[in-house]
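Start at 1 and go down the list; that is how both ligands and their atoms are numbered.
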Amino acid sequence: MPRTGFSTDAVHAGQEPDPTTGAIMMPIYATSTYVQPALGRTKGFDYARTINPTRLALERNLAALEGAPYGFCFASGMAAIAAVMTLLSAGDHVLATRNVYGGTYRLFERVLRGYGLDFTWLDTSDLTAVGRAVRPNTRMLYVETPTNPILTLTDLRAASALARRHGLIHVVDNTFMSPYFQKPLALGADIVVHSTTKFLNGHSDSVGGSVILRHRRHAERIRFVQNSAGAILSPFDSWLVLRGVKTLALRMERHDENGRRIAAWLVRQPKVKKVYYPGLRSHPQHALAKRQMSGFGGMISFELGSYAKAKRLLDRVRLCSLAESLGGVETLISHPATMKHASFPHAERAELGITVGHDLIYVE
Ligand SMILES: Cc1ncc(COP(=O)(O)O)c(C=O)c1O
């Protein structure tokens with residue numbers, strides 16, 4: 001096979017024309033089981049929770065895009081993250097980025113803490129602080145970069161080196177950048193998670209998640225958990241994401257182009273007090289953004305100076321839809337403090353600067 005580029009892999013990796021008909025598109029294998037040619041023999045497929053050709057194609061496709069040998073798809077981004085956490089045992093400690101997606105915070109604090117895992121939330125852009133927080137029972141460094149909604153970055157290469165020094169599993173939620181703009185495994189991370197609901201599917205019509213891994217021992221555990229707990233991505237959703245990924249490169253380019261233009265426009269507006277976008281030279285981590293991402297994406301947040309002004313804008317905005325989520329072809333706008341980040345306790349949110357009265361608006 002010749003060496004192929006990202007866009008070619010996005011269209012072809014994991015997908016061969018259907019051997020029966022030659023169908024160029026991966027069929028939706030809507031089946032719960034597979035007929036076995038003889039006792040003790042299968043064609044590689046036995047039961048559809050365990051393995052499904054449409055899901056398998058997507059798993060191979062996403063693994064190829066992240067440059068990894070293993071990939072698994074789940075019923076949602078949260079199911080994917082929950083599966084990754086089964087690599088840990090009661091008594092283990094995790095260091096995690098302080099302003100992760102609110103649902104991740106909720107899973108860790110309000111579900112997994114009850115099963116004996118311990119979490120320290122910290123600003124992972126400060127790796128000295130991360131190093132100081134490592135304990136004898138620390139097993140994982142869980143990073144989201146850039147974070148939503150303040151768009152703070154963590155230096156992935158340095159974070160991976162730190163994780164390696166302390167024997168931690170380095171997990172990166174790469175949902176916001178997608179493998180098109182950021183490849184955490186190439187920078188040293190061990191595991192990447194995605195909410196495929198966002199940019200990978202890209203059309204706001206499916207909920208799903210994936211876990212992409214570099215190490216066989218981790219992959220074997222995730223395969224076992226995927227089958228044992230059964231939170232699999234359906235064949236139809238797998239097909240939707242496969243189809244969405246085919247245009248990932250084109251969509252990400254356009255998100256980036258629009259993001260740069262809108263951020264630059266927002267900066268020029270006298271009523272806008274502050275704009276957060278890694279592509280702006282004024283972003284405190286602009287140099288890091290250029291180093292570890294090949295684009296800045298389409299997610300921007302800004303402040304108007306008061307909650308009343310933010311509410312007024314959100315009540316009157318046209319074209320942008322007031323909705324949670326991101327990564328679709330349409331433009332969404334939201335108020336994180338009362339919407340996406342509502343699952344953070346008030347004190348935690350205040351520490352992040354996302355109070356209910358806060359005027360931060362997030363556009364994507
Ligand atoms: C960064 C990030 N990770 C994970 C998730 C969870 O994904 P899902 O909604 O598919 O469960 C989200 C959802 O918004 C997200 O933004």
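- No N or O atom of Thr104 sits closer than 3.5 Å to an N or O atom of ligand 1.
- Note: Phe119 and Phe108 have parallel aromatic rings, judged against thresholds of 30 and 60 degrees for the angle between ring planes.
- Taking only nitrogen or oxygen atoms, main chain and side chain alike, Phe176 does not reach within less than 3.5 Å of ligand 1.
- Note: Ser238 OG to Glu59 CD = 7.0 Å, rounded to the nearest 0.5 Å.
- Numbered from 1 in the order shown, with element, the atoms of ligand 1 that lie under 4.0 Å from a heavy atom of Ser76 read 10 (O), 11 (O).
- At distances below 3.5 Å, not a single donor-acceptor pair connects side-chain atoms of Thr147 with backbone N or O atoms of Glu144.
- The closest heavy-atom contact to atom 10 (O) of ligand 1, among the options Asn174, Thr197, Thr196, comes from Thr197.
- Between the side chains of Asp46 and Gln36, no donor-acceptor pair is found at a separation under 3.5 Å.
- With hydrogens and angles disregarded, a donor-acceptor distance shorter than 3.5 Å links the side chain of Arg251 to the backbone of Gly244.
- The shortest N or O to N or O distance between Met78 and ligand 1 is below 3.5 Å.
- In summary, the atoms of ligand 1 found under 4.0 Å from a heavy atom of Gly208, numbered by their order in the structure, are 10 (O).
- Under 4.0 angstrom from ligand 1, there are no non-hydrogen atoms of Glu324.
- The shortest N or O to N or O distance between Lys198 and ligand 1 is under 3.5 Å.
- In terms of polar-atom proximity, Asp173 is counted as a contact of ligand 1, with an N or O under 3.5 Å from an N or O of the ligand.
- A donor atom on one side chain and an acceptor atom on the other are found under 3.5 Å apart for Lys246 and Gln15.
- Considering Leu151, Ile300, Ile262 in turn, Ile300 is the only one that fulfils the side-chain contact (heavy atoms from CB on, under 4.5 Å) rule with Val275.
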